2 protein chains.
Amino acid sequence: MAAIDELRERLGEIHDLSRAASLLAWDERTMMPAAGAEARAQTLATLAGVRHEMFIDEEIGRLVEQLQSEQGDVPHGESIDADLVRVVARDWQKATRVPSDLQAEMAHASSVAETAWVEAKQRSDFAMLLPHLEKNVELTKRWAACYEGFPGFSHPYDPLLDEYEPEMTTERMREVLTDLREGLVPLVREAADNGGGQTEDPFAGDFPADRQRELVAELISQLPFPDQSWRIDPTEHPFAISIGRGDVRLTTRYDESNLGMALFSAMHEAGHGLYESGVDRELRRTPLAKPRSLGLHESQSRLWENWVARSRPYLERLLPGLRERFPGSFDEVEGEQLYRGANRVERSLIRIEADEVTYNLHILIRFELELEIFEGGLQLTELPEAWNARYRDYLGLEVPDDAHGVLQDVHWPSGAFGYFPTYSLGNIIAGQLWEAAGRDLGDLDARIAQGDLTAIGEWLRDRVHRHGRRLSPAEILEGAGCGELSVEPLLAHLRDRVELAVQA
Amino acid sequence: MAAIDELRERLGEIHDLSRAASLLAWDERTMMPAAGAEARAQTLATLAGVRHEMFIDEEIGRLVEQLQSEQGDVPHGESIDADLVRVVARDWQKATRVPSDLQAEMAHASSVAETAWVEAKQRSDFAMLLPHLEKNVELTKRWAACYEGFPGFSHPYDPLLDEYEPEMTTERMREVLTDLREGLVPLVREAADNGGGQTEDPFAGDFPADRQRELVAELISQLPFPDQSWRIDPTEHPFAISIGRGDVRLTTRYDESNLGMALFSAMHEAGHGLYESGVDRELRRTPLAKPRSLGLHESQSRLWENWVARSRPYLERLLPGLRERFPGSFDEVEGEQLYRGANRVERSLIRIEADEVTYNLHILIRFELELEIFEGGLQLTELPEAWNARYRDYLGLEVPDDAHGVLQDVHWPSGAFGYFPTYSLGNIIAGQLWEAAGRDLGDLDARIAQGDLTAIGEWLRDRVHRHGRRLSPAEILEGAGCGELSVEPLLAHLRDRVELAVQA
């Protein structure tokens with residue numbers, strides 16, 4: 001067998017096992033009877049272990065080395081095989097750096113910490129979580145130390161970031177997010193000073209779940225998914241996941257007292273789903289088929305949620321259907337009101353409840369604290385204080401207790417350091433992509449007003465989705481006409497939101 | 001690590017991969033968007049291949065050999081470890097006999113044959129299937145030849161049977177099913193001659209699927225499942241599958257013109273599910289946790305479907321709920337009528353539509369033809385003729401075309417020779433278990449009349465389920481007080497059904 005075929009066969013098997021793991025994870029959060037939890041955790045752990053062992057096999061390293069020397073330096077995006085070998089070479093170099101023991105210890109520690117976190121959050125008792133968090137940070141530092149001298153890494157936070165945002169550096173991320181903070185803090189202050197958030201919420205009311213389900217299914221079916229390639233199910237914390245080619249699972253949550261929850265979370269998850277389903281067919285069953293950059297991924301979900309579904313023309317088109325489906329609830333509501341209601345600006349303590357404008361400040365706070373932890377300037381004992389000080393500075397809010405502060409997110413208990421900044425990166429990229437798409441396609445609002453979501457979907461597929469992991473995020477953005485990362489498009493978009501909010 | 005721990009760890013990983021495969025299979029038939037089919041087939045094939053490779057590893061053979069010589073001859077059921085080693089030793093001996101190439105060729109051939117079968121059946125054209133069937137039989141013969149000299153195998157059909165009914169011999173199966181045939185043929189003739197099948201079907205009518213769903217969920221919740229350990233979903237061809245401890249998936253089909261379909265198929269699948277969920281917790285994550293005998297498995301589904309759900313007291317208790325849930329549909333129906341309606345006897349051409357009495361004749365015909373094929377007396381070209389002759393002899397029916405004859409089942413196209421007889425074996429065992437349970441628990445009908453299904457469930461768990469694969473089917477039946485296989489209890493039960501039918 002040719003080396004490339006043997007490599008592809010091995011990677012294909014590993015890919016298949018990861019598809020199985022995806023289904024197990026989806027099922028766990030949507031379908032699984034509660035009593036199956038213990039067996040499920042075991043099954044997922046085994047699949048992760050087997051996949052890891054199969055991937056770090058020396059034979060894969062040998063094949064990659066042979067193929068790299070055979071193919072030489074091929075420009076990115078020119079040959080699928082060359083892109084595959086390049087991406088896998090880097091993945092393999094990374095994967096073989098970390099001893100299996102350490103990997104297992106981290107999985108165990110974070111699992112214990114997550115359990116402790118649930119109780120600590122309930123009791124609002126940071127001290128309960130502290131020793132687990134210290135363990136997580138210590139293990140993560142040991143893990144990061146495995147990458148000493150790894151090409152491209154120069155900051156202790158670089159390997160962490162690279163897990164979620166390949167080839168992004170800490171320095172670049174810091175610059176970009178500092179730009180964002182400088183634009184955002186005054187914007188949020190302006191909104192707060194001028195009564196943003198006073199608008200009534202037209203999505204509050206009484207909405208039976210089965211009616212919401214029908215609405216959401218109809219809205220998703222208007223998006224440019226391939227035929228019979230998706231489904232949507234209820235869950236507690238919405239997510240999207242791809243199981244295999246032609247099989248994307250979306251989820252949402254139905255809050256019977258607020259229609260906005262299901263509506264916007266479904267559009268958000270659909271954005272993630274469209275990305276997964278738009279990867280070129282030729283990349284299937286290879287690691288190139290699975291987008292890795294969480295920044296790009298989040299840009300897709302945010303774009304469909306915020307730029308499309310919260311836009312004036314989208315909501316105006318939606319209104320007659322809402323009136324029909326929920327008699328009485330929208331009779332007095334006009335399109336403009338719906339639009340304002342979907343875009344209220346209000347400072348709040350909880351990230352996942354934050355609006356589009358203030359959301360990024362929640363992220364900035366977390367990113368800055370993570371940097372201080374891993375640069376060594378911040379002790380974990382001081383974390384709640386540092387958290388609360390930043391909420392005071394950036395959002396003008398007093399944190400009443402740790403449950404509404406430093407204990408609110410699962411990320412740190414689960415050992416996911418380096419993840420948070422990709423949320424804001426996603427918003428930044430969405431702003432840039434929307435601007436670029438507008439240049440190419442003309443007035444996007446006019447298209448939405450006509451119910452044409454296909455052109456936007458196809459543009460995104462062509463510029464972003466189809467590449468999978470063949471190109472780096474930076475190369476994809478370059479090719480989409482976005483140039484370098486820039487916060488200006490996002491800030492302009494958010495400035496419009498604030499203007500709308502303070503007019504109200 | 002001790003040899004037993006290492007063996008258990010290896011088997012545990014393989015077990016986890018088979019759990020993942022179970023979920024993939026369940027999902028494929030209940031949830032998967034249609035466009036995901038190609039990726040799913042690939043994923044399942046990979047999981048099967050990886051599991052197989054992990055199992056035939058020489059290290060497992062070595063560990064088993066070492067452990068067997070260490071532990072010596074331990075009576076079955078005394079030590080879990082000894083039972084595990086004994087069962088795995090046999091599985092490993094079997095698995096390593098067949099070359100991987102042949103296994104792969106068989107999987108490929110049956111997949112091609114299944115596709116050809118769909119079209120052949122649509123066109124009622126046996127000739128279209130014939131070459132594929134010939135290939136399947138040829139490969140199966142080559143596969144069976146791999147077992148030459150395998151302990152306990154003396155007939156060319158023995159290895160086939162052993163796949164579905166471990167440690168059952170062709171000779172014993174032939175004796176038992178011949179006994180059954182001799183009792184059944186006159187019984188069916190009697191029913192036919194005396195107008196069996198003339199009863200009106202009280203389950204025919206107009207039953208909205210969502211109401212049926214509620215009913216079925218309520219009935220299953222009355223069965224002795226552990227809390228939050230099951231779910232039931234609609235599918236085309238109902239089945240049950242266990243995903244892991246505490247996680248059993250049942251399925252049924254909702255026919256809006258007949259309530260009997262969903263009701264009895266749900267009880268049937270629940271019987272399978274109770275078996276899986278009743279295996280001792282101590283056997284979890286080992287091959288002992290997964291019942292292998294299809295005869296025993298089918299005895300559980302048939303017992304709950306036919307001995308419980310089609311019994312007079314069960315149906316009488318059900319009636320008020322039916323009247324309430326389906327206003328108008330059961331107002332004129334009395335308990336006795338419901339009971340007769342659920343037990344109509346009618347000769348028909350299609351196995352899966354057959355009633356309890358005639359069903360076994362459909363199986364006998366298939367078993368006898370399989371034997372002739374593998375004993376070499378029957379050419380596949382003559383198969384339709386042989387089929388039709390037996391339907392004439394045993395059931396007194398003329399087969400009008402192959403779609404209603406030899407092409408009706410997927411088993412042969414999918415290469416599953418040796419499977420059919422386990423259906424009748426299940427009915428035979430169900431009869432014996434029902435009789436034994438009655439001896440131990442007293443009047444079972446009286447218990448059902450009081451709504452007490454727990455005692456029966458616990459008896460079955462104690463006598464059958466909990467053992468998993470620790471004991472052979474014969475040992476389990478012996479321990480349950482059933483003695484040797486005997487068709488008498490089943491025949492007595494079916495005689496009652498016929499009497500009921502001819503009275504009507």
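In what follows, every chain begins at residue 1, and chains take the letters A, B, ... in the order their sequences are listed. Source: prediction; values computed, not measured.
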Please look at A:L24 and chain B and tell me whether the side chain, the backbone, both or neither of the residue comes under 4.5 angstrom of a heavy atom of that chain. both
Please state whether the side chain, the backbone, both or neither of B:L23 comes within less than 4.5 Å of a heavy atom of chain A. both
Under the side chain to side chain contact (heavy atoms under 4.5 Å, CB included) rule, what do B:E13 and B:R8 come out as? Steps first, then yes or no, please. CA-CA 9 Å; B:E13 288 191 347; B:R8 278 178 169 275; over 6 Å; no
Is A:R249 close to B:P33 at the side-chain level, that is, under 4.5 Å between some pair of heavy atoms? yes
Quick check against the 3.5 Å criterion: does A:R231 have a side-chain atom that pairs as donor or acceptor with the backbone of B:M31? yes
Among the listed options A:T46, A:V248, A:D233, the residue most often paired with chain B at heavy-atom distances under 4.5 Å: A:T46
Parallel, tilted or perpendicular: which fits the ring planes of B:H465 and B:Y275, with parallel below 30° and perpendicular above 60°? tilted
So which part of B:D227 gets closer than 4.5 Å to some heavy atom of chain A, the side chain, the backbone, both or neither? backbone
Residue, of A:R285, A:H15, A:R284, A:E38, that accumulates the most heavy atom pairs under 4.5 Å with chain B: A:R285
Using the side chain to side chain donor-acceptor pair (under 3.5 Å) rule, take B:T235 and B:R29 through it: C-alpha gap first, then chi angles, then the decisive distance, then the call. CA-CA 6 Å; B:T235 194; B:R29 294 164 67 181; 5.0 Å; no
